[in-house]
Amino acid sequence: MTTEERIEASETRIFKAVFPNTTNHYDTLFGGTAMQLMDEAAFITATRFARKRVVTVSSDKIDFKKPIPAGTIVELVGKVVHVGTTSMRVNVEIYTEQMYSYERERAIVGDFTFVAIDEFKKPIQVL
């Protein structure tokens, strides 16, 4: 399988409902909760790409473009956007959908960098 085919095959989509227990006093999703969901989606994407143990080493430029209100559905989309020797960068976007309409918009976007590691937690080649 080529690198491009692996990238395409590793794209990850996760859907969640935003319930009141994950929102702040403004009735919108906590930023930290959104980042946790994004890191999880990025981890799954990186693991599906590398098929090796991976760990998050950084998160870069997470842009909160729109608040995510309680009572919406969110879709997290993870895509590998760069592959290095031992690391890979995964872009994650969160889209919101109103439960009872077809409205959909991008709310948050960010990048996460992962390193592939061996059983001794030492970096190894991704490919």
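Quantities reported herein were computed from a predicted structural model and do not represent experimental measurements.
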Connected via hydrophobic side-chain network under 4.5 Å: [X] and [Y]:
X     : Y      : value
Phe30 : Ile62  : no
Ile7  : Val109 : no
Leu76 : Met35  : yes
Ile44 : Val77  : no
Phe43 : Ile124 : no

Determine whether Phe49 and Thr3 satisfy the following criterion, side-chain contact (heavy atoms from CB on, under 4.5 Å), listing intermediate values before the conclusion. CA-CA 9 Å; Phe49 175 81; Thr3 301; 4.1 Å; yes

Kindly give the heavy-atom pair with the smallest separation between [X] and [Y], and that separation in Å.
X     : Y      : value
Gly71 : Met99  : O-CG, 3.3 Å
Val92 : Ala42  : CG2-CB, 3.7 Å
Ser87 : Thr113 : CB-CG2, 4.2 Å
Met38 : Gly110 : CE-N, 3.5 Å

Counting only heavy atoms not in Gln98, do more than 12 sit closer than 6.0 Å to its CD atom?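 Counting other residues, nucleotides and ligands, CD of Gln98 exceeds 12 neighbours.
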
Would you find more than 12 non-hydrogen atoms of other residues, nucleotides or ligands less than 6.0 Å from Lys52 atom NZ?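 Counting other residues, nucleotides and ligands, NZ of Lys52 exceeds 12 neighbours.
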
Test log, rule side-chain contact (heavy atoms from CB on, under 4.5 Å), inputs Lys65 and Arg106: CA-CA 8 Å; Lys65 297 183 177 295; Arg106 190 170 75 165; 3.4 Å; yes

Considering only heavy atoms from C-beta outward, does the side chain of [X] approach that of [Y] to under 4.5 Å?
X      : Y     : answer
Phe112 : Arg89 : no
Glu75  : Glu93 : no
Lys79  : Val90 : no
His82  : Val80 : no

Report the C-alpha distance between Glu103 and Glu97 in whole Å, list the side-chain angles of each, state the deciding distance to 0.1 Å, and finish with yes or no for side-chain contact (heavy atoms from CB on, under 4.5 Å). CA-CA 6 Å; Glu103 290 179 44; Glu97 295 180 14; over 6 Å; no

Would you check if the side chain of [X] reaches a backbone N or O of [Y] as a donor-acceptor pair within less than 3.5 Å?
X     : Y     : result
Thr23 : Pro20 : yes
Thr33 : Leu29 : no
Ser10 : Arg6  : yes

So, Arg13 and Glu11, do they make that salt bridge, N to O below 4.0 Å? yes

Check whether the side chains of Thr12 and Arg48 place a donor and an acceptor atom closer than 3.5 Å, and report yes or no.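 Yes, because at least one side-chain N or O of Thr12 sits under 3.5 Å from a partner of the opposite role on Arg48.
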
Kindly give the cluster partners of Val115, where membership spreads through any ILVMFWY side chain lying under 4.5 Å from a current member.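 Direct or chained contacts put Val115 with Val55, Val57, Ile117.
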
side-chain contact (heavy atoms from CB on, under 4.5 Å) between Ile94 and Phe64, worked out: CA-CA 10 Å; Ile94 298 182; Phe64 295 82; over 6 Å; no

Distance under 6.0 Å and angle within 45° of ring axis: Arg104 vs Tyr95: yes

Side chain to side chain contact (heavy atoms under 4.5 Å, CB included) with Ile108: which of Val74, Asp63, Leu37, Ile68? Ile68

Between atom CZ of Phe15 and atom CD1 of Ile73, what is the distance when rounded to the nearest 0.5 Å?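 So the gap between those two atoms works out to 8.5 Å.
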
